[in-house]
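I have placed the structure first, in the form of structure tokens, so that the comments after it can refer back to it.
Reckoned from all heavy atoms, side chains included, excluding hydrogens, waters and symmetry mates. The chains referred to below are lettered A, B, ... by the order of the sequence lines, with proteins before strands, and numbering in each begins at 1.
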2 protein chains.
Amino acid sequence: MYVTSPVSYFEPVSIDDVMHQHELEPAVYHTSTAEAGQPLFCEGDDADFVYEVLEGVVRTSKLLCDGRRQVLAFGYPGDIIGLSHDQIYHSDCDAVSDTKVRVYHKNASGTSFADEPQLCDQFLRHATAEVHDMQEHFLMLGRKSAVEKVASFLVVLLDRVGENNDCKSCFSLPMSRSDIADFLGLTIETVSRTFTKLRKDKIIELPNPHRVCVCKSAKLRALAERSS
Amino acid sequence: MYVTSPVSYFEPVSIDDVMHQHELEPAVYHTSTAEAGQPLFCEGDDADFVYEVLEGVVRTSKLLCDGRRQVLAFGYPGDIIGLSHDQIYHSDCDAVSDTKVRVYHKNASGTSFADEPQLCDQFLRHATAEVHDMQEHFLMLGRKSAVEKVASFLVVLLDRVGENNDCKSCFSLPMSRSDIADFLGLTIETVSRTFTKLRKDKIIELPNPHRVCVCKSAKLRALAERSS
DNA sequence: CGTCTATTTGAGTTAGCTCAACCGTCGTGG
DNA sequence: CCACGACGGTTGAGCTAACTCAAATAGACG
């Protein structure tokens, strides 16, 4: 699911499994790739496809007309992107790193999934899980300080993609500081300063700007999880 | 749908209609009332019911352990409250004003709606519409100034429940300043000051703290819709 | 080796916060 | 019937976290 929440309750089930279970023809989907920086879709486009991220990371975002941007979510493998209630995408989606996706073609009959109940139920699970994650993100955007925001962000990634290296847990940060800032509702400078602060406090290490090693995950969680 | 977005594309369809269409027994739901201030459910409770607001206004919110609160949404008639991906509510829900709700009992088989495809499809529409509205709210929480936030909030209500009184459009504001503050990620004082500013600029009138008349809706929209 | 871009760091500013006082309404009890 | 207290809302004054603008640094790439 989307990386918006400090805790993930939802166990993703590949939509592929559901499709196969019900012997839907492979014609209704195919796989595709996108290079880092390439768009998958733009706000306003007809929402003809639903995407499942297989490899890499994508970013969904919305723009204000004066250029301010809000990153809505980073999509990691297993995440479903592009569900829309009205056949139009309401955000931009771009590949952050080189990405492989599975593309589901919308059923010709339009927006209804009622004639594919298993798929519908699966999408409903994804949608409600997404709502849940977005709610955590709300709490973060609305009520947390810069340190709490950055710590929360790192904890989500830690739990989702962290790999243990002798008592440290490391992961890559494919997105730019600007992406992180626009995700957390901060400026690039504040994000950078906050990373530096966490590094100076020996809570994390930054071998390079796109790699994080968490040394004191308990302290990091304490900073993030002032949430109940 | 939830009041989170400056623009509403989704035309709510009462779940009741869907139920009747498919001749589901009335036993699977009933109506209920809640007085202002009463809880409908709490974070952590088993998510046994899904609610549809019929009359009044409800509020969903989450708390940080130190008491900071984020109001996630205000639920107006037609809105669906309480969908969960894992059978547990992840927010509190309380009645803001005296409220009438329709209560849907979860199917005994558990979380799946696959055996009620029409209902599932309808819930999926609600869920994706909710995701859409939440995305607009993200932009607001993350990237807008206090004036833009308050203006956006008023525009949503204007479009949803505004009633024309000679060239003004009026509506009631049943929630407290504190609810509004926690919805917009501001403090009570900032909300109050912003209302005062809009009043002094003759953009709105405040006959009393819980009633708003919008005099210059174009100006209000301009303040809100710096969004694209 | 120079250029370009992303990131970090520094210095000063400000929007919104905190704390405190004040106001108006409403319900209660003398 | 009026005084009083409680509560929600408004206003004021000063503070601070995060912002803006600017400069320094560091890789990446031709």
Side-chain angles (χ1 to χ4, degrees), chain A residues 35-37 59 64 66-71 94 96-98 140-154 172-201 204-212 223 226, chain B residues 36-37 59 64 66-71 94 96-97 140-154 172-201 204-212 223 226:
Chain A
E35 283 177 37
R59 158 188 16 103
L64 292 175
D66 61 3
R68 283 176 291 179
R69 184 179 68 150
Q70 177 67 43
V71 170
D94 306 271
V96 166
S97 58
D98 292 348
M140 182 155 83
L141 278 178
R143 287 290 170 231
K144 288 191 182 180
S145 69
V147 190
E148 291 168 346
K149 285 177 178 182
V150 171
S152 303
F153 175 64
L154 292 178
S172 82
L173 223 49
M175 64 292 287
S176 68
R177 292 293 185 266
S178 168
D179 287 336
I180 298 172
D182 288 343
F183 181 65
L184 299 177
L186 299 170
T187 58
I188 306 174
E189 294 94 328
T190 300
V191 170
S192 182
R193 275 184 248 274
T194 306
F195 272 115
T196 303
K197 178 180 163 32
L198 293 175
R199 183 170 52 69
K200 287 190 176 163
D201 293 349
I204 62 171
E205 285 171 8
L206 295 166
N208 70 62
H210 291 283
R211 184 145 195 92
V212 178
L223 285 176
R226 300 169 162 284
Chain B
R59 159 190 13 103
L64 293 175
D66 60 2
R68 283 176 291 179
R69 184 180 69 150
Q70 178 66 43
V71 169
D94 305 272
V96 167
S97 58
M140 184 155 83
L141 277 178
R143 285 292 171 229
K144 287 192 181 180
S145 69
V147 190
E148 290 168 346
K149 286 177 177 181
V150 171
S152 302
F153 174 64
L154 293 178
S172 82
L173 222 49
M175 64 292 287
S176 68
R177 293 292 185 268
S178 167
D179 288 336
I180 299 173
D182 288 343
F183 181 64
L184 300 177
L186 299 170
T187 57
I188 306 175
E189 295 94 328
T190 300
V191 170
S192 182
R193 276 185 246 275
T194 306
F195 273 115
T196 302
K197 179 180 162 31
L198 293 175
R199 183 170 53 69
K200 287 190 176 163
D201 292 350
I204 62 172
E205 286 170 8
L206 296 166
N208 70 62
H210 291 285
R211 183 146 195 92
V212 177
L223 285 177
R226 299 167 160 284

5' priority, DNA chain D, between A/S145 and A/E189 [closest heavy atom]: A/S145
Which comes earlier along DNA chain D counting from the 5' end, the contact point of A/G185 or that of B/L206, where each point is its nearest nucleotide? B/L206
Over all heavy atoms of both residues, which pair between A/Q70 and A/L141 is shortest? Give the atoms and the distance, please. NE2-CD1, 3.9 Å
Nearest heavy atoms of A/K144 and A/S152, plus distance in Å: NZ-OG, 3.0 Å
If each end axis of the helix from C/dC1-D/dG30 to C/dG30-D/dC1 is fitted on five C1' pair positions, the angle between them, to 10 degrees, is 20°
Test applied, side chain to side chain contact (heavy atoms under 4.5 Å, CB included); reference residue, A/L223; option that passes from A/L154, A/V150, A/L198: A/L198
Extract, from 5' to 3' on DNA chain D, the first and final nucleotides lying under 4.0 angstrom from some heavy atom of chain B. D/dG9 to D/dA13
Walking along DNA chain C from 5' to 3', note the first and the last nucleotide with an atom under 4.0 Å from a heavy atom of chain A, and give both. C/dT7 to C/dA11
Donor-acceptor under 3.5 Å (B/R68 side chain, A/R143 main chain): yes
Please check this pair: side chain of A/D98 against backbone of A/E35, looking for a donor-acceptor N/O pair closer than 3.5 Å. no
Taking the side chain as every heavy atom from C-beta outward, state whether A/T194 and A/K149 have any atom pair closer than 4.5 Å. no
A/M175 and A/V71, any side-chain heavy atoms less than 4.5 Å apart: no
Extract all donor-acceptor atom pairs below 3.5 Å that involve side chains of residues 183-192 of chain B and protein atoms in other chains or at least two apart in sequence.
| residue | atom | partner | partner atom | Å |
| --- | --- | --- | --- | --- |
| B/T187 | OG1 | B/T190 | N | 3.3 |
| B/T187 | OG1 | B/T190 | OG1 | 3.0 |

For B/R69, side-chain hydrogen bond (donor to acceptor under 3.5 Å, both in side chains) partners two or more places apart: B/D179, B/D182
My understanding is that only residues two or more places apart in sequence, or in another chain, count here; which of them pass side-chain hydrogen bond (donor to acceptor under 3.5 Å, both in side chains) with A/D201? A/K197
A/S176 near the nucleic acid: base, sugar-phosphate alone, or nothing, with a heavy-atom cut-off under 4.0 Å? sugar-phosphate
